[in-house]
Amino acid sequence: MNHGQQSGEAKQEDDAALTEFLASLMDYTPTIPDDLVEHYLAKSGFQCPDVRLIRLVAVATQKFVADVASDALHHCKARPAPVVKDKKQQKDKRLILTMEDLSKALCEYGVNVKHPEYFADSPSTGIDPATREE
Amino acid sequence: MTNGGNGEGGSQRKKNPSRGNDFPYAVARMAVAQICESVEISTFQESHSREGARFSSFQESALERLTDVMIQYIQSVGKMTQFYANMGGRVEGNGLDIVQALEDLGSGLGFSGGHDVERCLADSGVVKDIIRFTGEVEEVPFVYSLPRFPFNRGKRRAPSFSEIGGEMPDEHIPVWLPAFPGTKMLKEVEESNVEKVEGEVKRKENGLSLPSMQQSVDVDRLKVQKSMDQEDVQEPAEEPEGNPFLAAPVWVSEKNVPPVLCPSEPTNEEVSIGLVPEKQTNKSHHIPPLEAHALPGMINDESRLGGTDDGEKTDSARTQRALLRFKIGTRKASMCWTIKQSLKDKGWFLEDGDKREKKVEREEKLETIDTDVN
């Protein structure tokens, strides 16, 4: 029973934390506009009149995208630099978000965005003619 | 080509709706680009100075893929939230449903406290991560301000009566309504009335969704058209006469139908020719429907011959219900032109109501005229 009471008090505190956070969300403007998030949430069936909940989803999405982008940035930076001619050039490496880095980053999140390595004319291209079925 | 066009239309509908041309997709793309721009990894240099590495540019395909992923993420959160709300017997989701959905989506990577079965949702690691994220990252609001819907196109409204300070044309017109351009310029009244009604509609219904606004504008446009047809200047300023849906129901009762005006009398020749075959066709059986209609036409002519101007009165007098006898028989070739003539003058090109009433009267007279002829 004590444990229950303690957990009850803890719950109240945590509820307060969540409610405080939701209240503080009104001061914080997420990068993703509220209307856009509301549109896509409504598209999937979730309609909520509370702006704070929509901002919560917006912030969560922003965090997700930022995590993916930072992982891609790490991959980009970790790639061995090309042959350096001058010492100055090494520091001026321009970081570009490429599909390679993005697919590696998204793979960890369970999203498979792999590019095919080459495009073939037909499914049987490159197969040994003897085994090809016509 | 037509089939190809249809196929293209169908395939376009089946395509992923988040294409580059879509407005929300474009907005999402900008938001993603902003987020990626703000992502920074700090590297410690030998001189202990932090150097933030940021993305300087993006590959377009990579940006589009990330935008697609973000849109899918938002939709997944919405779907899971609604799912958890429905599981709890609720229609609208609340904050805890969102937290549960986020936990489910983040379970691949894991979050702190995920192992605890009896964890509290509000205390979830996901929420703490988000709180930490908002504390660390600088606030980057969206670059553009999205237009609110419905948006005003900056249409200039006509000044109201009180603004003009002019005289009131009638007592029943409120002062705050836009003023008439003036009774002097009657030609421009119609155009200005349409504009006024539109302005009124936009003022009244600002904030409603587009379909209802369109409906109201259409309804008001219909009313304006009616008023224009009636050439009544006063109508647009008044409220519509009454909602037809709120009107009293019409009671079902007998209606006094005015007698039908018969068309002009045909020549005597038609009638005389029509008389002869009638006697002969008493006993035959099959007749095409065209000629069956012609027969009542013939009969109507005969009845009118007898009564000239009093034809209408005699028709109404003979409305006694009698047994209907249908004459079926073959037709001679000489009857062709008379049939066509009668078809033109009588039943085929009249209005439906008149046609029905005439048919009934003709069928009734069939009996009486047979007796007369015989």
Side-chain angles (χ1 to χ4, degrees), chain A residues 7 10-11 13-15 17-19 21-22 24-25 28-33 35-37 39-50 52-53 56-57 59-66 68-70 72-74 76-77 94-99 101-103 106 108-111 113 115, chain B residues 24 27-28 31-32 34-36 38-41 43 53-59 61-63 65-66 69-79 81-82 85 92-96 98-99 102 105-106 108-109 118 120-123 126-127 129-131 133-134 137 139-142 146 148:
Chain A
S7 64
K11 275 183 188 175
E13 288 176 1
D14 298 327
D15 283 345
L18 183 62
T19 47
F21 175 60
L22 287 176
S24 71
L25 266 182
Y28 181 87
T29 313
T31 309
I32 308 170
D35 296 331
L36 186 74
V37 176
H39 167 73
Y40 282 117
L41 284 176
K43 215 172 175 185
S44 64
F46 173 59
Q47 254 180 327
C48 185
D50 199 353
R52 299 174 301 173
L53 294 180
L56 177 64
V57 177
V59 169
T61 311
Q62 186 178 348
K63 177 179 174 301
F64 170 76
V65 175
V68 171
S70 69
L73 193 59
H74 280 294
C76 190
K77 255 213 140 186
R94 293 187 72 216
L95 298 167
I96 303 172
L97 175 67
T98 57
M99 275 303 295
D101 303 328
L102 185 66
S103 61
L106 282 173
E108 296 172 18
Y109 286 85
V111 182
V113 201
H115 254 330
Chain B
V27 172
V32 167
Q34 271 193 279
I35 296 171
C36 291
S38 67
V39 165
E40 186 184 339
I41 49 171
T43 56
R54 292 176 182 236
F55 279 119
S56 55
S57 56
F58 316 101
Q59 260 187 2
S61 57
L63 188 64
R65 288 294 83 73
L66 193 53
V69 169
M70 185 188 88
I71 290 169
Q72 285 289 318
Y73 185 82
I74 298 176
Q75 289 183 327
S76 304
V77 170
K79 203 166 70 169
T81 308
Q82 192 64 12
E92 278 188 12
N94 59 19
L96 299 177
I98 294 178
V99 171
L102 289 174
L105 284 174
L109 276 181
E118 292 178 359
C120 171
L121 279 177
D123 189 24
V126 174
V127 179
D129 286 342
I130 294 175
I131 294 172
F133 174 77
T134 53
V137 175
E139 188 174 329
V140 182
F142 192 66
L146 296 177
R148 297 293 308 172

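Lettering follows sequence order; numbering is per chain, from 1. Computation of the quantities below employed the complete heavy-atom set of this structure, encompassing side-chain atoms and omitting hydrogens, waters and symmetry-equivalent molecules.
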Student: Got a sec, which residues hit side chain to side chain contact (heavy atoms under 4.5 Å, CB included) with B:Q59, two or more places apart in sequence or on another chain?
Tutor: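 With sequence neighbours excluded, B:Q59 shows a side chain to side chain contact (heavy atoms under 4.5 Å, CB included) to A:T98, A:M99, B:S61, B:A62, given in chain and number order.
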Student: Looking at A:S24, A:A60, A:S70, which one has more heavy-atom pairs under 4.5 Å with chain B than the rest?
Tutor: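 The candidate making the most pairs under 4.5 Å is A:A60.
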Student: Check whether any side-chain heavy atom of B:I130 lies under 4.5 Å from a side-chain heavy atom of A:F21, and answer yes or no.
Tutor: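 Touching, per the 4.5 Å side-chain cut-off.
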Student: Given that the side chain runs from C-beta out, which part of A:V68 has a heavy atom under 4.5 Å from chain B: side chain, backbone, both or neither?
Tutor: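 Just its side chain gets close to chain B.
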Student: For A:Q62, is it the side chain, the backbone, both, or neither that has a heavy atom closer than 4.5 Å to a heavy atom of chain B?
Tutor: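 Both the backbone and the side chain of A:Q62 come within 4.5 Å of chain B.
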Student: Given heavy-atom pairs under 4.5 angstrom as the criterion, report whether the side chain, backbone, both or neither of A:L106 touches chain B.
Tutor: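 Contact with chain B is through the side chain of A:L106 alone.
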Student: Side chains of A:S103 and B:R65, heavy atoms from C-beta outward: is any pair under 4.5 Å?
Tutor: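 With C-beta onward as the side chain, the pair stays apart.
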Student: Sort A:Y28 into side chain, backbone, both or neither according to what part of it lies under 4.5 angstrom from a heavy atom of chain B.
Tutor: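 Contact with chain B: backbone and side chain both.
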Student: What are the two closest heavy atoms between B:G78 and A:L41, and how far apart are they?
Tutor: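 The answer is CA-CD2, 3.4 Å.
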Student: Assess whether side chain to side chain contact (heavy atoms under 4.5 Å, CB included) is satisfied between B:S57 and A:R94, documenting all intermediate values.
Tutor: CA-CA 8 Å; B:S57 56; A:R94 293 187 72 216; 4.1 Å; yes
Student: Are side-chain heavy atoms of A:T61 and B:V77 found at a separation under 4.5 Å?
Tutor: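 A:T61 vs B:V77: side chains apart.
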Student: Output the distance between atom CD1 (B:I35) and atom CZ (A:F64), rounded to the nearest 0.5 Å.
Tutor: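 Atom-to-atom, B:I35:CD1 and A:F64:CZ are 11.0 Å apart.
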Student: Which bit of A:D35 comes within less than 4.5 Å of chain B, counting heavy atoms only: side chain, backbone, both or neither?
Tutor: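 Contact with chain B: side chain only.
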Student: How close do A:T31 and B:F142 get, counting heavy atoms only, and between which atoms?
Tutor: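 Closest pair (atom of A:T31, atom of B:F142, distance): O-CB, 3.3 Å.
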Student: What is the distance from atom CG of B:L102 to atom CG of A:L56, rounded to the nearest 0.5 Å?
Tutor: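 CG of A:L56 is found 6.5 Å from CG of B:L102.
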Student: Under a 4.5 Å heavy-atom cutoff, which of B:A31, B:A85, B:G93 has the most pairs with chain A?
Tutor: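 Option with the greatest count: B:G93.
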Student: Would you mind reporting whether B:M70 and A:I32 have side-chain heavy atoms less than 4.5 Å apart?
Tutor: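 Yes, their side chains come closer than 4.5 Å.
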Student: Which pair of non-hydrogen atoms, one from B:R54 and one from A:L95, has the smallest distance, and what is that distance?
Tutor: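 The pair with the smallest heavy-atom distance is O-CD1, 3.5 Å.
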Student: Could you pull out the closest heavy-atom pair between A:L36 and B:P24, with the gap in Å?
Tutor: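 What the structure gives for the nearest pair is CD1-O, 3.3 Å.
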Student: Does B:I98 reach the side chain of A:F46, with side-chain heavy atoms less than 4.5 Å apart?
Tutor: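 They are in contact (side-chain heavy atoms under 4.5 Å apart), so the answer is yes.
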Student: I want to check something: taking the side chain as every heavy atom from C-beta on, are B:V27 and A:P33 in contact at a cut-off of under 4.5 Å?
Tutor: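 Yes, close enough: below the 4.5 Å cut-off.
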Student: Can you check whether A:V65 reaches B:Y73 side chain to side chain, under 4.5 Å on heavy atoms?
Tutor: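 Heavy-atom side-chain distance check fails, nothing below 4.5 Å.
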Student: Which bit of B:F133 comes within less than 4.5 Å of chain A, counting heavy atoms only: side chain, backbone, both or neither?
Tutor: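 Only the side chain of B:F133 comes within 4.5 Å of chain A.
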Student: Let me know if A:A72 has heavy atoms under 4.5 Å from chain B in its side chain, its backbone, both or neither.
Tutor: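 Both parts, backbone and side chain.
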